[in-house]
Amino acid sequence: MSVNRYNLDMTFLDLLSEKKTTVYSLSIDSGIPRTTLTDIASGKADILKCSGKTLLAISKSLNVSIEDLLSLEREEAKTLLPGFLLDSIKEYRKAIRKDSLRIDCYSDQLNSNINIAEVENLISKEQANRLRTRYFGKYD
């Protein structure tokens with residue numbers, strides 16, 4: 001299964017959500033230290049700079065190609081997004097992982113918070129569009 005089947009702007013955390021797993025579970029499954037995976041998930045470490053051994057372990061555990069891992073976008077720096085928007089993203093990802101029956105509610109809330117952050121000039125139009133594309137597919 002190809003990661004980019006979902007969209008082109010997927011991050012490592014988005015991939016974990018799609019695979020219905022967490023950093024902790026991936027650490028156990030792959031044997032990669034949780035701190036390493038947390039650094040990748042937070043954007044502190046670049047997946048492009050990971051060793052082949054790390055990429056192979058993550059790839060096997062998540063059942064994706066190494067090429068798909070290398071095509072992931074870096075996570076948006078937490079300091080660039082307002083807290084309420086970060087919370088919405090976290091809740092949306094959690095809902096995906098849990099196959100929530102209310103995923104549409106989380107989706108609507110996230111979209112609304114992206115709109116609010118853009119209108120209030122808390123994020124740029126480019127950031128808003130990038131987030132919409134990442135979470136809702138092609139956006140024009």
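What you see is a predicted model; the values in this text were computed from it and never measured.
- Residues L85 and L122 fail the side-chain proximity criterion, which asks for heavy atoms closer than 4.5 Å.
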Please assess S61 against D29 for the test side chain to side chain donor-acceptor pair (under 3.5 Å), listing each intermediate value before the final yes or no. CA-CA 6 Å; S61 292; D29 293 342; 5.7 Å; no
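- At a threshold of 4.5 Å between side-chain heavy atoms, the hydrophobic network of Ile, Leu, Val, Met, Phe, Trp and Tyr places I28 and I58 in two separate groups.
- In this structure, R102 does not pair ionically with E91, as no charged nitrogen and carboxylate oxygen lie closer than 4.0 Å.
- Looking at T133, its side chain does come within 3.5 Å of a backbone N or O of N129 through a donor-acceptor pair.
- Taken from CG in L131 to OG in S88, the straight-line distance is 11.0 Å, to the nearest 0.5 Å.
- With a 6.0 Å radius and a threshold of 12 heavy atoms from other residues, nucleotides or ligands, K20 has its NZ atom above the threshold.
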Pairs under 3.5 angstrom only: tabulate donor-acceptor contacts from the side chains of residues 32-40 to other protein residues two or more places apart or in another chain.
residue: T38; atom: OG1; partner: R34; partner atom: O; Å: 2.8

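- By the 4.5 Å heavy-atom criterion applied to side chains, R132 and N115 are counted as neighbours.
- Hydrophobic clustering places I89 together with I103 (ILVMFWY residues linked when any side-chain heavy atoms are closer than 4.5 Å, directly or through intermediates).
- No single ILVMFWY cluster, assembled from side-chain heavy atoms under 4.5 Å apart, contains both L15 and Y24.
- Taking every heavy atom of both residues into account, D68 and S65 meet most closely at N-OG, 3.0 Å.
- Atom OG of S30 is separated from atom CG of L55 by 11.0 Å, given to the nearest 0.5 angstrom.
- For the residue pair Y135/R93, the side-chain donor-acceptor check at 3.5 Å is satisfied.
- Taking the side chain as every heavy atom from C-beta outward, I96 and Y106 never approach each other to under 4.5 Å.
- Judged purely by atom type and a 3.5 angstrom limit, S59 uses its side chain to pair as donor or acceptor with the backbone of V64.
- One distance of note links CG of L69 with OG of S71; it measures 8.0 Å at 0.5 Å rounding.
- Annotation: side chain of T22 is not in contact with side chain of L16 (no heavy-atom distance under 4.5 Å).
- For the atom pair CZ of R130 and CD of E126, the computed distance is 8.0 Å after rounding to the nearest 0.5 Å.
- With sequence neighbours excluded, no residue forms a salt bridge (Lys or Arg N to Asp or Glu O under 4.0 Å) with D104.
- Of the possible donor and acceptor atoms, one in the side chain of S17 sits under 3.5 Å from a partner among the backbone N and O of L13.
- Rounded to the nearest 0.5 Å, atoms CZ (F84) and CD (E120) are 7.5 Å apart.
- Between A41 and V23 the shortest heavy-atom distance is CB-CG2, 4.1 Å.
- Rounding to the nearest 0.5 Å gives a distance of 6.5 Å between CD1 of I123 and CD1 of I114.
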Step by step, work out the side chain to side chain contact (heavy atoms under 4.5 Å, CB included) result for L26 and F12. CA-CA 12 Å; L26 179 59; F12 186 70; 3.6 Å; yes
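- What you find for L70 and I47 is that their closest heavy atoms are CD2-O, 4.1 Å.
- With 3.5 Å as the limit, one finds a donor-acceptor pair spanning the side chains of T11 and D14.
- Listed for the Q127 side chain is a donor-acceptor partner under 3.5 Å among the backbone atoms of S124.
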